Amino acid sequence: MSNVAAMTAARGPAPQAAGDSRPPAIELINVSRRFVTPEGKAMTALRDFTMTVRQGDFACVVGPTGCGKSTTLNLVTGLAPPSAGEVRVMGHPVNGVDPDIGFVFQSDALFPWRSVLDNVAAGPMFRGMARAKAYEKARDWIARVGLSKFEKHYPHQLSGGMRKRVALAQTFINEPKILLMDEPFSALDVQTRVLMQDELLALWSGSGASVVFVTHDLEEAIALADQVYVLTAGPATVKTVFDIDLPRPRVMSEIRYDQRFIDIARTIWDSLREEVQIGHQRTMASGH
């Protein structure tokens with residue numbers, strides 16, 4: 001094994017690293033997920049899928065297009081029950097939508113008729129917080145993401161990066177114990193994406209939340225994560241887990257040029273490349 005491979009410990013989907021006493025926040029145990037397509041065909045999205053994210057860890061999931069990455073998030077939220085196996089959150093079986101889970105989508109989930117301030121305050125108020133307290137807390141979170149001068153603006157008056165900052169404030173204000181992110185920055189230009197990645201790490205580092213972040217971008221995954229899960233071409237299962245031993249805090253604009261980062265990316269790509277090729281071949285064969 002190379003020095004990089006040893007440093008970037010590749011392993012199977014082991015439930016927990018030896019010597020780490022932190023309890024798991026998320027567990028998918030031998031999970032399969034099957035469904036029927038609109039055409040009436042039976043499809044398997046996940047098969048014998050096992051994944052463990054410890055409390056406070058940042059896990060990224062990468063794999064070929066259409067392999068079922070987003071399905072893992074739906075299982076954690078309870079929106080998609082497993083066909084087999086078990087899904088547990090904070091030690092308990094998933095049973096419906098958990099208010100301790102925050103979700104950030106690729107597309108904006110902002111109310112277009114509400115101002116930035118109203119959007120961010122909506123979550124705490126929905127959870128029963130008094131209006132004055134909710135707005136005080138919202139102003140604090142808006143300040144944290146650098147948008148204090150834009151409290152009265154509406155989503156259509158903001159850039160894509162600014163809307164994503166509002167979405168982060170809107171999520172973190174509810175103090176989620178678990179944060180699920182489905183390619184949240186993929187629609188942004190490269191420069192804005194780097195800024196948002198830094199913003200996310202800064203907010204996450206002080207939250208204690210456990211994160212599962214789905215992305216097509218391997219470099220993004222390595223730069224953000226404690227662990228990178230490489231999935232097989234669908235039906236997806238965990239092919240390999242890589243522990244990312246890069247020091248924190250990380251600066252996105254700098255870390256990509258670190259030789260350790262480059263070597264880690266090459267090691268993980270060796271595992272991912274075969275699955276991407278399989279997925280591509282299937283797409284070509286199907287004519288889609």
Side-chain angles (χ1 to χ4, degrees), residues 1-18 20 26 28 46-54 56-73 106 179-186 190 193-194 196-198 200-201 204 210-283:
M1 179 181 290
S2 70
N3 290 337
V4 172
M7 174 185 63
T8 315
R11 53 188 172 88
Q16 187 163 328
D20 195 322
I26 300 168
L28 283 74
L46 301 180
R47 182 187 65 234
D48 299 328
F49 189 103
T50 295
M51 177 183 187
T52 299
V53 180
R54 296 182 299 273
D57 271 3
F58 198 124
C60 281
V61 179
V62 298
T65 299
C67 75
K69 297 185 294 296
S70 297
T71 302
T72 62
L73 304 184
Q106 179 178 348
L179 181 58
L180 307 178
M181 310 191 77
D182 194 356
E183 299 191 64
F185 307 142
S186 61
V190 174
R193 189 184 310 173
V194 170
M196 292 311 306
Q197 291 163 352
D198 281 329
L200 170 61
L201 287 182
W204 165 73
S210 307
V211 181
V212 180
F213 188 108
V214 167
T215 179
H216 279 97
D217 187 335
L218 179 56
E219 288 193 356
E220 178 175 62
I222 296 167
L224 292 173
D226 296 305
Q227 297 90 28
V228 173
Y229 282 75
V230 176
L231 306 192
T232 61
T237 192
V238 177
K239 180 178 184 179
T240 319
V241 186
F242 292 89
D243 292 317
I244 307 302
D245 187 20
L246 290 171
R248 294 190 187 275
R250 301 174 189 171
V251 178
M252 296 298 108
S253 60
E254 298 175 2
I255 196 169
R256 285 176 169 83
Y257 301 102
D258 189 295
Q259 187 60 47
R260 293 175 70 193
F261 179 96
I262 295 169
D263 292 341
I264 289 169
R266 184 179 296 114
T267 300
I268 300 180
W269 174 240
D270 286 343
S271 177
L272 178 60
R273 177 173 49 204
E274 180 182 5
E275 305 307 321
V276 171
Q277 290 171 342
I278 291 171
H280 177 67
Q281 291 167 359
R282 289 177 180 172
T283 300

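Quantities reported herein were computed from a predicted structural model and do not represent experimental measurements.
With sequence neighbours excluded, the residues forming a side chain to side chain donor-acceptor pair (under 3.5 Å) with Asp270 are Arg273, listed by chain and number. Not counting sequence neighbours, the partners of Ser253 by the side-chain contact (heavy atoms from CB on, under 4.5 Å) test are Val194, Val251. Applying the side chain to side chain donor-acceptor pair (under 3.5 Å) rule to Glu220 yields the partners Gln197, Thr215; only residues at least two apart in sequence or on another chain are considered. Evaluation of the side-chain contact (heavy atoms from CB on, under 4.5 Å) rule for Glu219 yields Asp217, Arg256, Phe261 as partners, not counting sequence neighbours. Listed by chain and number, the residues in a side-chain contact (heavy atoms from CB on, under 4.5 Å) with Thr232 are Thr237, Lys239, Glu275 (sequence neighbours excluded). With sequence neighbours left out, Gln259 forms a side chain to side chain donor-acceptor pair (under 3.5 Å) with Asp263.
If you take CD1 on Ile262 and OG1 on Thr267, they are separated by 12.0 Å, rounding to the nearest 0.5 Å. Leu231 contributes atom CG, which lies 8.0 Å from atom CG of Leu46 (distance to the nearest 0.5 angstrom). In this structure, OG in Ser210 is found 11.0 Å from CZ in Phe58, a value given to the nearest 0.5 Å. Here the CG-CZ distance, from Asp198 to Arg250, works out to 12.0 Å after rounding to the nearest 0.5 Å. Here the NZ-SG distance, from Lys69 to Cys60, works out to 12.0 Å after rounding to the nearest 0.5 Å. Phe213 CZ to Leu224 CG: the interatomic distance, rounded to the nearest 0.5 Å, is 5.5 Å.
Nearest heavy-atom pair across Asp258 and Arg260 is OD1-N, 2.7 Å. Scanning both residues, Thr50 and Val238, for their nearest heavy atoms gives O-CG2, 3.2 Å. Heavy atoms only, all atoms of each residue included: Glu183 and Ser186 are closest at O-OG, 3.2 Å. Taking both residues in full, the closest heavy atoms of Trp204 and Gly56 are given as CZ2-O, 3.2 Å, listed atom of the first, atom of the second, then distance. Closest of all the heavy-atom pairs between Ser271 and Thr240 is OG-OG1, 3.4 Å. Here the closest non-hydrogen pair linking Tyr229 and Val241 is CE2-CG2, 3.5 Å.
Contact annotation: the side chain of Val230 never approaches that of Trp269 to less than 4.5 Å [non-hydrogen atoms, C-beta and beyond]. Residues Ser70 and Gln106 are not in side-chain contact: their nearest non-hydrogen atoms beyond the backbone lie 4.5 Å or more apart.
When atom types are taken as modelled, the side chain of Asp57 and the backbone of Ala59 share no donor-acceptor pair closer than 3.5 angstrom.
Under 4.0 Å is where a charged nitrogen must lie from a carboxylate oxygen, and between Asp226 and Arg248 at least one such pair does.
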